[in-house]
Structure formats: structure tokens, C-alpha cells
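All remarks here apply to the structure that follows.
FYI, side chains are in, hydrogens and waters are out, and symmetry mates aren't considered; it's all heavy atoms of this structure. By convention in this document, chain letters (A, B, ...) are assigned in the order of the sequence lines, proteins followed by strands, and residues within each chain are numbered from 1.
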There are 2 protein chains.
Amino acid sequence: MLVSRKNFVFQKLVNTLLEHIIKNYKVDDSLPSDVVLANQFSVSRTTVRKAVEYLEELDILVKSGATKTLIAMPNSEHFFDVSKQSKPKEKLVEEYFLTLIQHGKLKPGDKFSELELARQSDTSTVAVREFLIRFSRFGLIEKNPRSQWKMKKFDEAFVDQLYEIRHLFEMHSLSNFIQLPEDSEYWQQLNDLFIEHKNLSLKMETCYDDFPRLDQKLHGLLQRAHPNQFVNEFYDIISFVFHYHYQWDRSAERERNTLAVQEHLDFIGKMLMKDYRGAAVALERHLNTAKQSLKDTAML
Amino acid sequence: MLVSRKNFVFQKLVNTLLEHIIKNYKVDDSLPSDVVLANQFSVSRTTVRKAVEYLEELDILVKSGATKTLIAMPNSEHFFDVSKQSKPKEKLVEEYFLTLIQHGKLKPGDKFSELELARQSDTSTVAVREFLIRFSRFGLIEKNPRSQWKMKKFDEAFVDQLYEIRHLFEMHSLSNFIQLPEDSEYWQQLNDLFIEHKNLSLKMETCYDDFPRLDQKLHGLLQRAHPNQFVNEFYDIISFVFHYHYQWDRSAERERNTLAVQEHLDFIGKMLMKDYRGAAVALERHLNTAKQSLKDTAML
DNA sequence: TTGCTGTATTTTATAAATAAAAAACAGTTG
DNA sequence: CAACTGTTTTTTATTTATAAAATACAGCAA
């Protein structure tokens with residue numbers, strides 16, 4: 001099972017090179033130098049050379065000194081079958097791990113082993129380890145040396161602290177947004193978003209699961225208007241925790257989202273009317289609802 | 001050079017066990033069961049067994065079935081020499097890496113290799129890798145697959161965003177502190193801290209490098225009064241970045257700290273007088289000074 | 001010079017092997 | 001049956017080996 005040690009970068013380069021040739025060259029044309037190709041496709045020259053060598057073997061081009069002359073157009077046979085190539089390790093682990101969580105196989109307090117994860121997700125322990133270290137910044141898992149990883153229990157203090165920061169950040173974003181000049185493009189975008197919310201609220205019966213997208217969009221807009229990498233990173237945590245807990249309790253999802261859309265509408269509406277105080281109150285109410293509903297779900 | 005693969009946990013347990021015996025037992029006493037010992041010293045029973053076996057070899061105790069009888073008191077010869085045991089890998093890497101940074105060997109924009117770091121710090125690439133991943137949450141390093149790590153360049157936007165959050169958090173901490181009941185112990189602690197600042201300000205000529213400790217203490221106090229893990233983590237970043245940049249420019253350190261102490265005094269003083277507005281203004285001023293001085297140093 | 005090729009060296013990613021430690025299992029005894 | 005011991009199985013930590021890719025070096029030609 002040496003699949004993962006295969007020369008991915010090489011194969012991918014060959015494929016892009018073939019495509020590139022088909023699109024931009026014809027027989028008898030000559031290709032740019034190694035260095036140019038390496039820069040163009042963001043790989044090292046070593047890889048370019050190997051790929052060119054390979055194309056020579058395929059009788060697609062001939063190389064003599066500095067010139068690479070195209071002698072035949074590539075066809076579909078020449079491409080590497082990339083479909084069977086599994087995704088990047090990191091993605092594999094992540095997907096598998098999140099699936100476990102979403103299916104409730106890993107609940108707060110549970111322990112799990114790196115080795116097991118590696119086997120199940122068809123990756124190496126190293127990949128697993130690196131993912132878990134990265135993931136641990138969400139504050140949902142922890143480990144002691146020589147001992148297994150453990151899902152942290154999710155106590156009320158955690159939720160309170162999380163929402164305390166969220167409150168702080170969103171109020172801050174709000175106050176920044178309000179100060180945007182009248183002719184800023186973001187006001188238009190906010191208006192569009194208001195309409196999107198309005199539309200969704202009309203067909204809430206069927207499309208209630210479309211809300212998270214809008215929620216994401218609203219946050220994205222506020223972030224673009226006044227970017228801050230720390231706020232952004234924090235929001236990753238928020239939205240993960242959010243998913244983490246709602247994934248296995250969809251019971252009240254429609255009601256939850258219906259309410260949330262209404263609160264968003266209220267909030268955005270007040271903003272559009274430049275009613276800062278009103279918007280702040282609406283936001284406050286929204287955050288409180290969200291916090292409470294998270295608690296209700298998580299602390300059963 | 002198999003040093004690092006040695007049985008650290010085992011040796012440490014033997015030593016603590018010997019100490020424990022000297023302190024609490026005498027010849028002919030019998031020791032508790034494996035399980036009890038394992039729990040008491042937070043190791044697995046496997047390790048306890050190996051340690052007990054080892055003590056038997058040393059003729060310190062005899063085991064027959066369930067009873068472990070002490071037959072001789074341990075002496076200093078029996079202890080493992082723990083001094084030659086290098087610290088935990090993680091610490092080693094961390095120290096070496098931070099030293100590099102502090103000596104200006106790694107400046108923004110520089111690249112460095114895991115292998116090199118592993119060699120220099122006398123650890124494995126795995127340990128290095130794990131440290132770097134963990135460290136990357138500070139946002140000071142980054143890497144692309146198959147490529148080396150790189151010190152991020154430290155632009156003005158980063159400082160602005162950092163201080164934007166700091167501003168938000170510290171104002172929040174302030175407003176929380178002000179709301180503490182009159183008889184809260186924290187007011188007393190704040191008062192003590194005020195006096196400490198006052199004392200330091202008198203001998204600033206010589207003890208100016210004592211300021212960071214007080215700064216840390218002030219933050220610690222605010223955090224204890226109203227704990228929030230996210231704020232805390234963020235402050236780690238702040239203080240790291242702070243060190244990262246001042247370490248190689250101590251030129252104006254005394255003036256910087258003298259000013260900072262004055263600003264702290266102003267700030268704490270206003271708090272003690274319950275002058276919320278005044279304290280907020282003082283804090284604002286302090287943060288601006290800090291930000292500006294960081295920029296002056298970092299953006300040379 | 002500059003920009004290229006060919007070759008050699010380094011480094012990262014990955015696998016496989018193994019020691020140390022933890023955890024699970026199976027009896028035994030009071 | 002509860003608590004223990006002796007034994008076996010798993011798991012983590014660490015090292016070593018190697019393929020893939022990136023980088024550095026040396027020399028050549030315009």
C-alpha cells in the first residue's frame with residue numbers, strides 16, 4: 001500500500017503540462033525553458049525536468065540542448081489517472097474525524113487513539129498527529145503525553161466565554177460597519193443580503209437549512225468591511241463549535257433557524273436605517289438566543 | 001545516541017519511589033498494592049511493576065505474592081542520575097528556536113529547515129515539526145507543503161489588528177473589574193500592585209527591566225477577576241510578539257519602561273478612585289504608546 | 001554579465017521498525 | 001465479588017531508511 005508515497009507532484013505536473021500544451025501550442029512549436037515552466041506551475045525545476053523527460057518518452061516532444069520541440073499533440077491516453085489518487089492526507093483525516101464527531105461516535109469525555117484514527121482514515125499516524133495538534137486550537141480535544149487524546153467536556157463556562165468574545169467582536173464589527181461612508185459598496189452588499197434573508201424567510205418551510213450559508217455570508221461581509229485576522233480565526237472556532245453540537249440534534253433546527261432569520265432581518269434592517277442603537281439591541285438579542293439554544297442542546 | 005529513547009518515566013518513577021520510601025516508611029514495612037502506587041504517582045501499573053522489580057534487584061525490598069516488604073533503606077547511590085537526562089524534547093526545541101529568534105538569527109522573511117533545527121537542538125524532526133505546528137498559531141511563521149518554513153514578515157496591518165483586539169479585550173477587562181463589589185479581594189490586590197508600581201518607579205534607573213513582570217502581574221490580576229480562556233490565549237500572543245521584537249532592540253528600553261510604568265500608575269490610580277472614564281482614557285493612552293513603540297521598533 | 005542546462009546535495013514526506021509505557025485480559029485469593 | 005497479581009495486547013514515542021521534491025552548485029553559451 002505505497003500509494004501515498006507516489007509522486008503526486010510529478011503526475012499532477014504532467015497533466016497540467018499536457019493540458020497547457022493542448023491549449024497553447026501546436027506541433028513544431030518549442031516550449032519555454034525549465035526555469036520559466038517551474039515558475040509558471042510553482043514546482044521545482046527538478047520536477048519540470050522529470051516531467052519533460054517523461055514527455056520525451058511518450059514521443060510528445062524532443063529535446064536538444066536548450067530547445068524543447070513539440071512533435072505530437074497529446075491525447076487523453078497520455079494523462080495520468082488522477083481520479084484514483086486519494087486526496088491529500090490532511091483532508092482525509094479531517095473528513096474522517098469530523099464524520100466521527102458528526103455521527104456522535106465521539107462525544108465529550110470519550111478517548112480515542114491516533115493509531116486507530118490513522119487506520120480508519122487510511123493515513124499515517126504522523127498525518128493524524130499533525131491534524132490533531134492543529135485541531136486542538138479549537139479547544140475541544142486535549143491530550144497528556146503517552147496517553148490518548150480525549151474529547152474535552154463541554155461545560156457551561158466554555159460556552160459563556162465563547163459568547164462573551166463573540167459578543168465583543170460582533171459589537172465591534174457593528175460599530176465599524178456603521179461608520180462606513182455612505183457611498184461604500186458594502187452598504188449595497190448589506191442591502192442585497194437583507195433581500196436574501198427576506199426571500200429565505202418566505203420559504204422557510206422547505207429551505208430552512210439554507211440559513212447557515214447566509215449566516216456565514218453576513219459574517220464574511222462584516223469581516224471584509226473591516227478585516228482582522230484574529231477575529232476571523234475566532235469565528236472559525238465559533239462556527240465549528242456550532243456545527244459540532246447541532247450536527248446530532250436537528251430536532252428543533254427549523255424553529256431555531258426561523259427565529260434566527262427573523263433576528264437577522266431585524267438586525268440588518270436597523271443597520272440599513274442607520275439605527276445604531278437599535279441594531280446593537282437586535283444583535284444582543286440574537287446572540288443571547290444563539291447562546292441559550294447552544295446551551296440547551298449541549299448541556300442535555 | 002539513544003538517550004532520548006531511554007525509559008524516562010521509569011527512571012523518574014524509581015526516584016520518586018525511593019524518596020517516598022525514605023520519607024514515609026521504615027524497614028519491614030510493606031508497601032501498598034501496584035494499583036494504589038500507579039494512581040498515586042500517575043503512571044501505569046506496567047511502569048510500577050518494572051520499578052518494583054528494579055527495587056528488588058537493588059535488594060531494597062522483597063516481594064512475595066501481594067506483599068512488598070521493605071528490607072533496606074535506599075541511599076543516594078540507588079537514585080538515577082537525572083541531571084544528565086536532557087529536558088523534554090519539546091522544551092529543547094522551543095528553547096533553541098526562541099534563542100535563534102532572540103539573537104536575531106531568524107528575521108522576518110528568513111527561511112529555515114526542520115532538519116537543521118532538529119540537528120541543532122538535538123532532537124528529532126518529528127519533535128521540531130510538532131513544535132512548529134503548535135507555534136504557528138502565533139501567526140509568525142508559515143509553510144507550504146514540501147517547502148521550508150518561513151518567518152512571516154511583520155507588517156503594519158498585523159500590528160494594527162493585534163492592538164485592535166488588545167484594545168477591545170483590555171477595555172472589556174477594565175469594565176468588568178470596575179463592576180466588582182467593593183469588598184472583593186481583587187481591589188486589595190490592585191492596591192498592592194499600585195504600590196509595587198510606585199516602588200519600581202522610584203528606582204527605575206536600575207531596575208527598569210523589572211517592568212515586564214509587573215505588566216504580566218497586572219494582566220494576571222484582571223484575568224483572575226474575570227477569567228476567559230480566549231482572552232488569555234490571545235494575551236500569550238501579545239506577550240510573545242512583544243518579546244519577539246524587543247529582544248533585539250534594547251536601546252530605548254529604559255525610557256520605554258519608565259513611560260509605561262507612569263502610564264500604569266495613572267491607569268491603576270484612576271481605577272482605584274473608581275474613575276471609570278479616566279481609567280479608560282489612561283488605558284487608551286497606554287495602548288497607543290505601546291503600539292507606536294512596537295511599530296517604531298519593528299518597522300525600522 | 002545573464003540565463004540556461006546538467007548534476008549533486010539537501011530537505012521533506014512517508015513508511016517501517018522498535019522500545020517504553022499504557023491498557024486490557026485472565027486468573028487467584030481473601 | 002472486590003481487589004489484587006501475572007501476562008498479553010495496544011498504543012505512543014522515537015529512530016532509521018528511503019522516495020519525491022526542492023534547492024544549490026558548476027559549467028556553458030549567447
Return no unless some side-chain N or O of [X] is found under 4.0 Å from OP1 or OP2 of [N].
| X | N | answer |
| --- | --- | --- |
| B:K111 | D:dA22 | no |
| A:S44 | D:dA21 | no |
| A:K63 | C:dG6 | yes |
| A:T47 | D:dA22 | yes |
| A:S113 | D:dT12 | yes |

Earlier contact from the 5' end, DNA chain C, for A:G65 and B:S42
A:G65
Please compare B:E116 and A:V36 by the position of their nearest nucleotide in DNA chain C and report the one closer to 5'.
A:V36
Count the heavy atoms belonging to other residues, nucleotides or ligands that lie under 6.0 Å from NZ of B:K150, then report whether that count exceeds 12.
no
Tell me: [atom1] of [X] to [atom2] of [N], nearest whole Å?
| X | N | atom1 | atom2 | answer |
| --- | --- | --- | --- | --- |
| B:N7 | C:dA22 | CG | C1' | 15 Å |
| A:K12 | D:dA21 | NZ | C1' | 14 Å |
| B:N144 | C:dT12 | CG | P | 13 Å |
| B:L37 | D:dA3 | CG | C1' | 14 Å |
| B:L92 | D:dT14 | CG | C1' | 14 Å |
| A:K143 | D:dT12 | NZ | P | 7 Å |
| A:F112 | C:dA22 | CZ | P | 19 Å |
| B:F8 | D:dT12 | CZ | C1' | 15 Å |

Where the side chain of [X] is concerned, which of [options] is the nearest nucleotide?
| X | options | answer |
| --- | --- | --- |
| A:V35 | D:dC4, C:dT5, C:dT11 | C:dT5 |
| B:A66 | D:dT11, C:dT12, D:dC4 | D:dC4 |
| B:S124 | C:dT5, D:dA22, D:dT15 | D:dT15 |
| B:R49 | D:dT7, D:dT12, C:dT11 | D:dT7 |
| A:R45 | D:dT5, C:dA23, C:dT5 | C:dT5 |
| B:R146 | C:dT12, D:dT11, C:dA21 | C:dT12 |

Flag, side chain of B:N15 to backbone of B:F80, donor-acceptor distance under 3.5 Å
yes
Between the main-chain N or O of B:Y54 and the side-chain N or O of B:K50, is there a donor-acceptor pair closer than 3.5 Å?
no
Could you check B:Q148 against A:W149 and say which one's nearest nucleotide on DNA chain D is further toward the 5' end?
A:W149
Select from A:S147 and B:D34 the residue whose nearest nucleotide in DNA chain D is closer to the 5' end of that strand.
B:D34
Quick check: [Y] with [X] (ring centres under 6.0 Å apart)?
| X | Y | answer |
| --- | --- | --- |
| A:F230 | B:F230 | no |
| B:Y96 | B:F131 | no |
| B:F234 | A:F234 | no |

Using a 4.0 Å heavy-atom cut-off across all strands, classify B:V126 as base, sugar-phosphate, or nothing.
base
Contact class for B:T46 (heavy atom, under 4.0 Å): base, sugar-phosphate, or nothing?
base
